[in-house]
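Hydrogens, waters and symmetry mates play no part in the numbers below; they use all other heavy atoms, side chains included. Starting from 1, each residue takes its place in the sequence as its number.
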Amino acid sequence: MISEVETLEWIVVPNEHDALILENSLIKQLKPKYNILLRDDKTYPYIVIDYGEDFPRLEITRKIHKGKNIKYFGPYSTGAKDMLDSIYEIVPLVQKKSCVKGKTACLFHQIKKCFAPCENKISKEEYSKIVENALEYIYNKTKLISKLNERMLQYSNDFRFEDAMMIRDRIKTIEKSQIKSGIDLTTNEDIDIFTITASNKKAVIVRMFIRDGKIASSSHDFLKVDSFDESFDFDYEEAYKRAIINYYDNEIPLLPKEILVGIELSDTVELEEFLQIKFGKKIKIINPKKDKKKDIVQIALSNCEELLRIDSSKNQTTIYEELKDLFTLQTLPFRVESYDNSHMMGQATVGAMVVWSEELNSFEKKSFRHYNLESKDEYSQMREMLIRRVESFEKNPAPDLWIIDGGETLLKLAYDIVSSVGVNLDIIAVAKEKVDAKAHRAKGAAKDIIHYKDKNGEFKNLKLSTSDKRLQFVQRQRDEAHRFVINFHKKQKRAEDKQISLLQIKGIGEAKIKKLLLYFGEFEKIKNASVEELKNVLNEKDAIIISNYFITPKD
């Protein structure tokens, strides 16, 4: 499929929900060859209420109906039916359309799920309050979920576990739903959108086209702004006018009802007259200030910013390209893992891995890892940690680059480990500059040595200037790994020190300490526990010994 691709275009939307709605709309319009799902005539559902009815109900629909008193919620990529079922169980709305037409109260009234408007047992005014209460659960999803949690707990207490599980699954589905979409107007309108953004001596125009209330397509062009510099204000108003005139100067097969623009234009009369003369139809030019039209203009502006960012990155050499060239790397190091270990005379031996992501342009903290290590020397500790990481490649794939805190010896060790499992991975090591046989750690002044393997397989080293951005990038990775492992080492050391202090109590061995830890969870709670609390784990004699140990002042 990739081999058949000629060009790639995309539309940036605020969230996954909007992405699913847009995907559904585009697949139905464009009918792409490889998308066999979502090709039918169904679309994502809405929840709808018709205020034109005497006793309106909440219903699910996949079509947009004309009517001034009709209100839509959605579309929902998931959770619409679960939400509606839950509301009907909580709020006594008219349950079925046929109920209002009947003349006698039905079973729903008997089980207190309906106030029987068919027998005039409730007025329109009173019923409208019930409707407003129901709508609150749509507007405030948290309120609905809270109510369902109460019901789930009640079912559980009544040993109705299957019903409780059904409510639990319903809650999970509703939590994923959203009632607002920025890319679906819930109307049958045809609208064109023009937005322009200028930055870094470049400007881009994004055009989006909404047909039958849904985004049908988009296009963009970069504008020539030769005179645009730091002292020159880009004339947005002129740019918008030229963009609209240039586009509509051609024959347009389907004219929009209105044109949305990204800024408030001071004079739209001339443009609207031009369009009326050209097409014999009045087309309004509007800068929306609220609701979904404002949201969709904001989406178009976001696409402008993304296009400028990508264009800017194409035209400048990035730090990743510089690192690739300097250290003869095989790929651009967009994902980097850095390793360091720490111990104190063989005590609390730990290691740490930190991860840098080019996509985030920052550290990906959710991917950071701590390692409790058995080995006592630095070489063996690094070996143990890297082997454990290599063994996890199947679940968590290898990055583009490893950075090791160490010299050539540890670099060779790392290459031996990855080659033993057949993984092709770039690795560099950074060693601290030695001053009087001691590591020089002065921030911003340490001339660290970077060890790497060139394209001929020979191990080499570089000493870069402290102002070199490539060195600073590597140092930043190493320093974050060092910070992360030191914090973990201190935590483990404190825990081991507390355990040692307990072992110093005569008659208290490791087995009793484990029992105490299993019961109390942490040393501080053991220290502050009363004799009665300690007796829940140990005999009275041992409980008194431990309590007295922490109460008695130490020399």
Side-chain angles (χ1 to χ4, degrees), residues 318-343 350-358 362-364 367-369 371 373 377-386 389-390 398-418 425-455 457-489:
T318 65
I319 184 66
Y320 307 103
E321 291 170 322
E322 292 177 10
L323 288 169
K324 182 177 183 291
D325 293 339
L326 181 63
F327 301 121
T328 62
L329 306 178
Q330 302 165 78
T331 58
L332 291 170
F334 289 147
R335 190 172 182 83
V336 182
E337 292 178 357
S338 304
Y339 297 86
D340 195 6
N341 49 36
S342 180
H343 68 99
V350 296
M353 173 188 82
V354 300
V355 181
W356 175 270
S357 168
E358 178 271 341
S362 179
F363 290 103
E364 189 177 280
S367 299
F368 284 17
R369 294 291 181 270
Y371 296 88
L373 305 173
D377 64 274
E378 290 190 16
Y379 182 89
S380 301
Q381 288 166 12
M382 186 63 73
R383 182 176 181 276
E384 181 184 345
M385 180 166 51
L386 295 182
R389 175 64 184 102
V390 165
D400 302 310
L401 175 68
W402 269 1
I403 296 178
I404 309 296
D405 185 9
E408 186 176 317
T409 303
L410 291 183
L411 179 65
K412 290 179 178 178
L413 167 68
Y415 268 114
D416 288 342
I417 290 170
V418 295
L425 175 63
D426 288 316
I427 309 170
I428 63 174
V430 54
K432 299 172 187 68
E433 177 191 33
K434 300 290 183 180
V435 177
D436 297 330
K438 293 183 180 179
H440 185 205
R441 296 179 180 270
K443 192 166 185 180
K447 296 178 181 178
D448 293 332
I449 303 166
I450 300 179
H451 300 265
Y452 68 102
K453 187 163 73 171
D454 67 12
K455 60 184 178 182
E458 296 181 10
F459 290 95
K460 295 191 173 182
N461 63 75
L462 280 173
K463 185 182 283 189
L464 301 172
S465 166
T466 54
S467 62
D468 193 301
K469 290 184 179 179
R470 296 165 297 184
L471 173 64
Q472 290 172 357
F473 179 88
V474 175
Q475 286 175 328
R476 185 180 178 188
Q477 312 304 310
R478 187 269 318 276
D479 291 346
E480 179 65 11
H482 186 70
R483 179 201 65 80
F484 193 56
V485 76
I486 287 297
N487 287 344
F488 185 54
H489 168 74

Tyr379: ring-ring contact (aromatic ring centres under 6.0 Å, His included) partners, not counting sequence neighbours: none
Glu358: what forms a side-chain hydrogen bond (donor to acceptor under 3.5 Å, both in side chains) with it, not counting sequence neighbours? none
Donor-acceptor contact below 3.5 Å, side chain Asp400 vs main chain Arg335: yes
Any side-chain heavy atom of Ile427 within less than 4.5 Å of one from Leu411? yes
Once ring-ring contact (aromatic ring centres under 6.0 Å, His included) is applied, do any residues pair with Trp356, and if so which ones, sequence neighbours excluded? Phe363, Phe473
Asp405 and Leu410 have their tightest heavy-atom pair at O-CD1, 3.6 Å
Compare all side-chain heavy atoms of Asn341 with those of Glu378 and state whether any distance is below 4.5 angstrom. yes
Apply side-chain contact (heavy atoms from CB on, under 4.5 Å) to the pair Leu323 and Ile428, showing each step before the final yes or no. CA-CA 11 Å; Leu323 288 169; Ile428 63 174; 5.8 Å; no
Close side-chain approach of Leu464 to Leu326, heavy-atom, < 4.5 Å: yes
Side chain to side chain contact (heavy atoms under 4.5 Å, CB included) partner of Val430, the single match among Val474, Ile449, Asp479: Val474
Just how far is it from atom OH of Tyr415 to atom CG of Leu386, taken to the nearest 0.5 Å? 12.5 Å
Quick one: pull up CD in Gln477 and OG in Ser338 and give me the separation to the nearest 0.5 Å. 4.5 Å
Pairwise side-chain contact, Pro399 with Arg389, heavy-atom cut-off 4.5 Å (strictly under): yes
Which residues pass the side-chain hydrogen bond (donor to acceptor under 3.5 Å, both in side chains) test with Arg470, not counting sequence neighbours? Asp468
Residue list, ring-ring contact (aromatic ring centres under 6.0 Å, His included) with Phe484, at least two apart or on another chain: Phe368, His370
Mind listing the closest non-hydrogen atom pair of Ala414 and Ile404 along with its distance? CB-CG1, 4.3 Å
For the backbone of Trp402 and the side chain of Tyr339, can you confirm whether one donor and one acceptor N or O come within less than 3.5 Å of each other? no
Quick one, Ile486 with Asp340, criterion side-chain contact (heavy atoms from CB on, under 4.5 Å). Give me CA distance, side-chain angles, the key distance, then yes/no. CA-CA 9 Å; Ile486 287 297; Asp340 195 6; 6.0 Å; no
Value for CG (Asp416) from CZ (Arg383), rounded to nearest 0.5 Å, stands at 9.5 Å
Side-chain heavy atoms of Arg369 within contact of Val355, under 4.5 Å: no
So does Leu401 get a backbone contact from the side chain of Asp426, meaning a donor-acceptor N/O pair under 3.5 Å? no
With rounding to the nearest 0.5 Å, note down the distance linking CD1 in Ile403 to CZ in Arg478. 10.0 Å
Determine the minimum heavy-atom distance between Ala352 and Ala481, stating which atoms define it. CB-O, 4.3 Å
Run the salt-bridge test on Lys324 and Glu321 with the 4.0 Å N-O cut-off and return the result as yes or no. no
For the student: nearest non-hydrogen atoms of Asn461 and His451, plus distance: CB-ND1, 3.6 Å
Gap separating the CD atom of Glu364 from the CD atom of Glu337, nearest 0.5 angstrom: 9.5 Å
Which atoms form the tightest heavy-atom contact between Gly407 and Ala431, and what is the distance? CA-CB, 4.0 Å
Residues that Tyr371 engages under ring-ring contact (aromatic ring centres under 6.0 Å, His included), provided they are two or more places apart: none
Ion pair check, Glu408 and Lys412, cut-off under 4.0 Å: yes
